[in-house]
Amino acid sequence: MRLPSVRRFAVLAAVAWAAVAPGGLAQAQVAPAAGESAAPVFRHGLSLMGQLKYPAGFPHFDYVNPAAPKGGLLRLAEDGTFDTFNFVVPRGTPAEGITLIYDTLMTSSYDEVSSEYGLIAEGASHPADFSSVTYRLRADAKWHDGTPITPDDVVFSFEALTKNNPNQRFYYSHVAKAEKTGERDVTFTFDQAGNRELPQIVGQLTVLPKHWWTGTDASGKPRDITQGSLEVPLGSGAYRVKSFVPSRSITYERVKDYWAKDLNVNVGKDNFDEIRYEYFRDDTVMLEAFKADTYDYRTESSAKNWATAYDFPARVDGRVVLEMFENRASGIMQAFIPNLRRDKFKDPRVRRALNYALDFEGMNHTLFFGQYKRINSYFSGTELASSGLPQGRELEILKGVKDLVPPQVFTTAYTNPESGTEDSRRANLREAARLLKDAGFDIKNRKLVDAKGEAFTLELLISSPAMERVAVFYKPALERLGITVTIRLVDSSQYINRVRARDFDMIVSGWGQSLSPGNEQREYWGTEAADREGSRNLAGIRDKAVDALIEKVIYATDRADLVAATHALDRVLLWNEYVVPAWTLNYTRTARWDRFAHPETLPTYSFAFPDIWWFDPAKAAKVNAVGPASGGATSGGAGK
């Protein structure tokens with residue numbers, strides 16, 4: 001199962017919480033009259049930045065077009081296959097877009113870093129020490145069958161997710177219990193106080209219908225949430241499943257009487273009458289299908305494709321639009337990730353040697369048309385990326401783990417090896433060979449072997465033909481070091497299963513980061529997640545210093561403290577050489593058939609496709625007039 005998209009949030013000083021204006025996260029409780037008990041104060045939103053942008057009763061988000069027309073079909077593509085609609089259990093591959101049919105307690109805005117506003121919940125309340133949070137549900141919130149959404153549904157959802165999905169159990173591990181505390185109230189009690197992020201983490205909970213999951217299917221058989229299923233599930237969101245062909249396609253239709261369609265957080269959103277996903281088993285076929293107008297929109301991850309594959313008539317005459325959108329809300333670490341659970345990768349000198357063997361500059365010139373920059377931080381592209389030498393508060397934090405971290409953390413700024421010339425490439429390989437020798441490896445019969453005489457082998461597991469080009473480029477340098485390299489290209493299902501089971505030597509993957517890291521860092525690098533199947537600690541990092549620094553991030557007292565703690569964590573992760581950093585582009589490359597429109601000013605932190613875009617019949621008519629479009633490309637009638 002893919003992990004949910006988790007939005008992370010910044011924190012402010014503890015003294016600021018008591019002074020937050022209405023709409024902030026840590027509001028003081030209303031003072032009771034003499035002899036009366038305190039009543040909780042429910043707010044329409046929560047913000048870790050201390051002040052919500054939008055006041056209670058706001059009409060809509062600033063970045064939407066409230067008059068956006070409803071209608072049309074959006075055709076998207078996905079690689080691989082799907083075999084279930086049940087995303088609760090981590091078995092099988094859920095259909096893309098299945099969360100479109102569900103609502104969450106709260107929803108984030110795209111022009112704030114740290115704010116959530118009520119969706120299913122009309123308000124939230126928590127004590128000053130953040131030891132719990134209570135959500136009050138909207139009286140008119142309902143499932144597609146007209147049944148009200150209740151606190152029992154919320155409690156059922158929390159228990160089902162945490163009981164049956166290890167990742168969800170870990171994600172919500174600090175929630176001690178969830179219970180109904182009023183006719184429309186549900187309270188989450190935490191196992192600790194002071195963790196400011198927990199109330200908003202709970203607000204991201206996807207709510208499932210208890211009465212449906214505990215009922216029977218059309219044949220009278222009891223449903224089982226612990227098993228995969230292709231029975232169309234009941235939802236509460238803006239869309240429902242209209243039709244599907246197992247493993248091949250799924251179509252969602254907009255719910256015309258959706259209970260929250262006029263809610264301020266939804267005005268100007270969910271504008272397409274239908275959203276369809278077509279599945280492809282091959283990236284090349286998927287690209288050609290786009291050029292043949294089989295689907296409407298794609299993000300382009302391949303630099304080669306971006307530079308060479310879009311020179312076709314529809315692009316030349318303007319029917320297809322290529323556009324790059326800047327990523328302002330997130331950073332990334334994409335990397336070659338060795339499996340530290342295997343003995344051959346345990347020595348950091350071995351991992352550094354693998355970095356010296358990577359000729360990024362040559363790869364960037366030869367394969368990527370010079371489009372990328374080398375990543376030098378686990379928070380690349382944000383102010384959270386460490387640089388130079390530690391100073392001030394960051395240095396103070398690092399001194400607390402001084403005996404547990406590499407000494408270079410304090411003396412040397414981290415950099416990746418550079419290989420811009422033939423001389424530098426040869427020098428890098430010599431240094432890699434020296435590091436491997438220092439780590440106890442030697443060359444015998446032109447093969448790198450350990451002290452026991454066992455050959456150093458490396459299988460690079462990939463699932464994309466595009467990445468195969470990269471692997472092939474990397475392979476000769478590794479082989480010159482005496483490493484026996486195998487490139488294993490498998491289908492997406494096999495790849496997912498092998499990564500879940502930690503059955504790999506090295507993969508190419510990464511971690512996205514928000515502007516406000518928090519509890520998810522435990523999932524990425526924490527010892528507790530290292531050996532848990534399916535966790536995002538792909539490398540298998542088990543490090544006491546890293547664990548301690550993660551806690552510093554989570555319990556930071558203000559924004560400056562958060563930045564300092566994140567710099568410290570970043571620096572220690574880098575100097576342990578846990579991965580071989582890859583490359584990035586701080587933009588999203590997109591291609592679309594020109595049938596769509598969006599608000600004139602897009603939100604700061606997302607281009608929000610397709611959430612706030614809409615089908616434009618006039619544009620579509622021009623596109624379709626030039627040549628035939630594949631079935632369903634027309635508007636399909638005006639929506640309501």
Side-chain angles (χ1 to χ4, degrees), residues 302-304 306-307 331-338 345 347-390 406-439 441 448 458 460 467 469-483 485 506-511 513 539 567 570-587:
S302 166
K304 179 184 178 182
W306 189 253
I332 190 172
M333 167 56 83
Q334 177 174 278
F336 294 87
I337 304 172
F345 298 119
D347 193 314
R349 290 170 294 189
V350 171
R351 305 192 295 267
R352 182 66 174 179
L354 297 177
N355 196 343
Y356 270 103
L358 181 67
D359 177 15
F360 166 70
E361 282 74 18
M363 191 178 291
N364 194 33
H365 174 76
T366 304
L367 301 183
F368 305 147
F369 298 82
Q371 294 180 35
Y372 292 125
K373 293 183 178 180
R374 188 85 190 270
I375 290 174
N376 59 4
S377 167
Y378 281 75
F379 302 85
S380 177
T382 74
E383 67 168 333
L384 302 167
S386 61
S387 62
L389 295 178
Q408 301 96 316
V409 164
F410 298 94
T411 62
T412 311
Y414 181 88
T415 57
N416 290 301
E418 294 186 4
S419 56
T421 67
E422 191 58 39
D423 286 344
S424 62
R425 283 189 279 272
R426 285 195 293 267
N428 285 348
L429 287 177
R430 285 195 296 270
E431 179 62 13
R434 184 190 69 79
L435 288 167
L436 290 168
K437 186 174 182 62
D438 290 348
F441 291 88
L448 189 69
L458 190 155
L460 183 51
M467 189 55 64
R469 297 168 53 246
V470 173
V472 168
F473 193 99
Y474 192 14
K475 180 180 180 181
L478 295 171
E479 290 178 330
R480 281 195 285 273
L481 295 172
I483 298 173
V485 180
M506 178 180 279
I507 58 174
V508 183
S509 188
W511 301 268
Q513 295 284 2
H567 284 172
D570 184 35
R571 200 179 298 273
V572 170
L573 288 169
L574 288 168
W575 273 114
N576 275 292
E577 308 286 353
Y578 287 129
V579 302
V580 178
W583 46 85
T584 189
L585 175 69
N586 198 35
Y587 288 84

CG of N416 to CG of L358: how many Å apart, nearest 0.5 Å?
8.5 Å
Distance in Å, H567 NE2 paired with L384 CG, rounded so as to fall on 0.5 Å steps
6.0 Å
With sequence neighbours left out, write down each residue that passes side chain to side chain donor-acceptor pair (under 3.5 Å) with Q408, or none if nothing qualifies.
none
Taking the side chain as everything from C-beta on, heavy atoms only, tell me whether L481 gets closer than 4.5 Å to L354.
no
Listed partners of R469 passing side chain to side chain donor-acceptor pair (under 3.5 Å), at least two apart:
none
Quick one: side-chain contact (heavy atoms from CB on, under 4.5 Å) partners of Y587, sequence neighbours excluded?
M324, E326, L585
I want to check something: taking the side chain as every heavy atom from C-beta on, are R434 and K437 in contact at a cut-off of under 4.5 Å?
no
Quick check: do F336 and L460 have side-chain heavy atoms less than 4.5 Å from each other?
yes
4.5 Å side-chain heavy-atom contact, M333 and I375
yes
Taking the side chain as everything from C-beta on, heavy atoms only, tell me whether R352 gets closer than 4.5 Å to P417.
yes
Nearest atoms (heavy-atom pairs only) where S377 meets S386
OG-N, 4.1 Å
Contact summary for A307 and Q371, nearest pair of heavy atoms
CB-NE2, 3.8 Å
F368 vs W583 aromatic rings, parallel, tilted or perpendicular, using cut-offs 30° and 60°?
tilted
The ring-ring contact (aromatic ring centres under 6.0 Å, His included) partners of W575 (sequence neighbours excluded) come to Y414
Verify side-chain contact (heavy atoms from CB on, under 4.5 Å) between M506 and L458, making sure each step is shown before the conclusion.
CA-CA 7 Å; M506 178 180 279; L458 190 155; 4.2 Å; yes
Under 3.5 Å, is there a donor-acceptor pair between the side chain of D570 and the main chain of Y378?
yes
Answer yes or no: is there a side-chain heavy-atom contact under 4.5 Å between K475 and V472?
no
With sequence neighbours excluded, what pairs up with Y578 under the side chain to side chain donor-acceptor pair (under 3.5 Å) test?
D543
Pairwise distance CZ(F360) to CG(N355) - rounded to 0.5 angstrom:
11.5 Å
Criterion side-chain contact (heavy atoms from CB on, under 4.5 Å) on V579 and W511, from CA distance to verdict:
CA-CA 12 Å; V579 302; W511 301 268; 4.1 Å; yes
On a heavy-atom basis, which atom in G388 and which in A413 lie closest, and how many Å separate them?
O-CB, 3.5 Å
Can you name the nearest heavy-atom pair linking A357 to L478, along with the distance?
CB-CD2, 3.8 Å
Run the side-chain contact (heavy atoms from CB on, under 4.5 Å) test against E361 and tell me which residues pass, sequence neighbours left out.
D359, E418, S419
Can you tell me how far apart CZ (R571) and OG1 (T412) are? Round to the nearest 0.5 Å.
10.0 Å
Between R480 (side chain only) and L429 (backbone N and O only), is there a donor and an acceptor less than 3.5 Å apart?
no
When rounded to the nearest 0.5 angstrom, what is the spacing between OG1 in T382 and CD1 in I332?
12.0 Å
Here the gap from T421 atom OG1 to R426 atom CZ, rounded to the nearest 0.5 Å, amounts to 8.0 Å
Is there side-chain contact between I337 and F345, with heavy atoms separated by less than 4.5 Å?
no
Kindly indicate, with the supporting measurements, whether the criterion side-chain contact (heavy atoms from CB on, under 4.5 Å) is fulfilled by L435 and V350.
CA-CA 7 Å; L435 288 167; V350 171; over 6 Å; no
